[in-house]
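First the structure, in the form of structure tokens, and then the observations on it.
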Amino acid sequence: MIEMLNVYKKYPNGITAINGLSVRIEPGEFVYVVGPSGAGKSTFIKMIYREEKATKGTIKVGDFDLMTIKEKNIPYLRRYVGVVFQDFKLLPKLTVYENIAYAMEVVEKNPKAIQKRVLEVLELVGLKHKVRMFPNELSGGEQQRIAIARAIANTPHILIADEPTGNLDPDTSWEIMNILEEISNQGTTVIMATHNSQIVNVVKHRVLAVENGRIVRDQLEGDYGYEA
Ligand code: ADP
Ligand code: ADP
């Protein structure tokens, strides 16, 4: 479902962030991406939803060939792959409802279907009662839950989370992790870049360790493997 073969990414400034990386991720897997700062984790993840384009190699995501995909088809890729960020990236002038509905309006025109799905994903993250709030009226953990609801609104096959607990305290981080587990249990592939050694070491999943733009460890039920 995700296949990278001998992938390179060189940024315009000359830095080679990904340096001959190959990996295969099957449908429904939960994968942690770990490694030191600057190792290439974010670049690796950004290539999956085509925020960054590889310089060389093969990348396939579902039926999409990311080396040849046309600009006009990238919106279809973005329905296939949902993304959650460390800093949430909610739209501050829109309510919780509008933030999620907005992500769907591009795709689904039927307002009744949108309304149904917005309430459904809010239920899943436990924040139905915050539907009329604005992002700045919510805690960090609540904002991240809304961001997750938005990311899954279009029922993506893959959910990518780039340091989703990076700005959150330990208890809130666990709440976010539990939601990601639930989404994974529903069959969605989850790929999570993280520095949270506690979570990685307790909730066991496949671990990909990235260093110098390559995967240096690929371990089922792996450990975090670095000093916390
Ligand atoms: P990580 O997520 O593991 O911290 P990144 O993928 O962000 O690693 O970065 C890998 C390398 O690429 C680093 O040396 C970083 O400075 C560089 N890099 C990341 N993004 C860019 C960019 N947009 N332009 C130039 N260099 C970048
Ligand atoms: P609260 O928010 O009431 O403190 P949490 O659900 O955050 O409760 O969890 C309390 C503790 O339980 C956490 O510090 C963590 O160590 C552990 N924990 C929570 N969720 C999990 C989980 N899915 N797997 C393993 N341990 C967990």
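Being a predicted model, the structure only gives us computed values, none of them experimental. In each ligand, atom 1 is the first atom listed, and ligand 1 is the first ligand listed.
What sits closest to atom 19 (C) of ligand 1 on the protein, heavy atoms only, is Tyr11 CE1, 3.5 Å. Ala17 CB, 3.4 Å is the protein heavy atom nearest to atom 12 (O) of ligand 1. Regarding atom 17 (C) of ligand 1, its nearest protein heavy-atom neighbour is Ile15 CG2, 3.9 Å. For atom 7 (O) of ligand 1, the closest non-hydrogen atom of the protein is Ser42 CB, 3.6 Å. Ranking protein heavy atoms by distance to atom 5 (P) of ligand 1, first place goes to Thr43 OG1, 3.7 Å. Atom 8 (O) of ligand 1 has its closest protein heavy atom at Gly40 N, 3.0 Å.
Residue Ser37 has no nitrogen or oxygen atom sitting less than 3.5 Å from a nitrogen or oxygen atom of ligand 1, judged on distance alone. For the pair Asn13 and ligand 1, the shortest N or O to N or O distance falls below 3.5 Å.
Ionic pairing of Glu52 and Arg50 is not present here: no N-O contact between side-chain nitrogen and carboxylate oxygen is shorter than 4.0 angstrom. Note on Arg206 versus Glu221: no salt bridge recorded, every NZ/NE/NH1/NH2 to OD/OE distance being 4.0 Å or above. Between Lys46 and Asp162, none of the side-chain N atoms (NZ, or NE/NH1/NH2) sits under 4.0 Å from a carboxylate O, so this pair counts as no salt bridge.
For the salt bridge (charged side-chain N to carboxylate O under 4.0 Å, His left out) criterion with Glu123, the lone passing option out of Lys130, Arg117, Lys128 is Lys128.
Close approach of ligand 1 to Ala39 is summarised as follows: ligand atoms under 4.0 Å from at least one heavy atom of the residue are 1 (P), 3 (O), 8 (O). Each of the following atoms of ligand 1 lies closer than 4.0 Å to a heavy atom of Lys41: 1 (P), 2 (O), 3 (O), 4 (O), 6 (O), 8 (O).
Taking the ring centre of Phe44 as origin, the terminal cationic atom of Lys41 falls outside the region bounded by 6.0 Å and 45° from the ring axis. Taking the ring centre of Tyr11 as origin, the terminal cationic atom of Lys9 falls inside the region bounded by 6.0 Å and 45° from the ring axis. Arg78 forms no cation-pi arrangement with Tyr49, by the criterion of a distance under 6.0 Å to the ring centre and an angle within 45° of the ring axis.
Under the 4.0 angstrom criterion for non-hydrogen atoms, Gly38 is in contact with ligand 1.
Put simply, atom 15 (C) of ligand 1 has no protein non-hydrogen atoms near it, under 4.0 Å away.
In this structure the side chain of Val190 never reaches within 4.5 angstrom of the side chain of Tyr32, judged on heavy atoms. Looking at Arg150 and Phe88, their side chains never come closer than 4.5 Å, going by heavy atoms from C-beta outward.
With a heavy-atom cut-off of 4.0 Å, Pro36 touches ligand 1 through its backbone alone.
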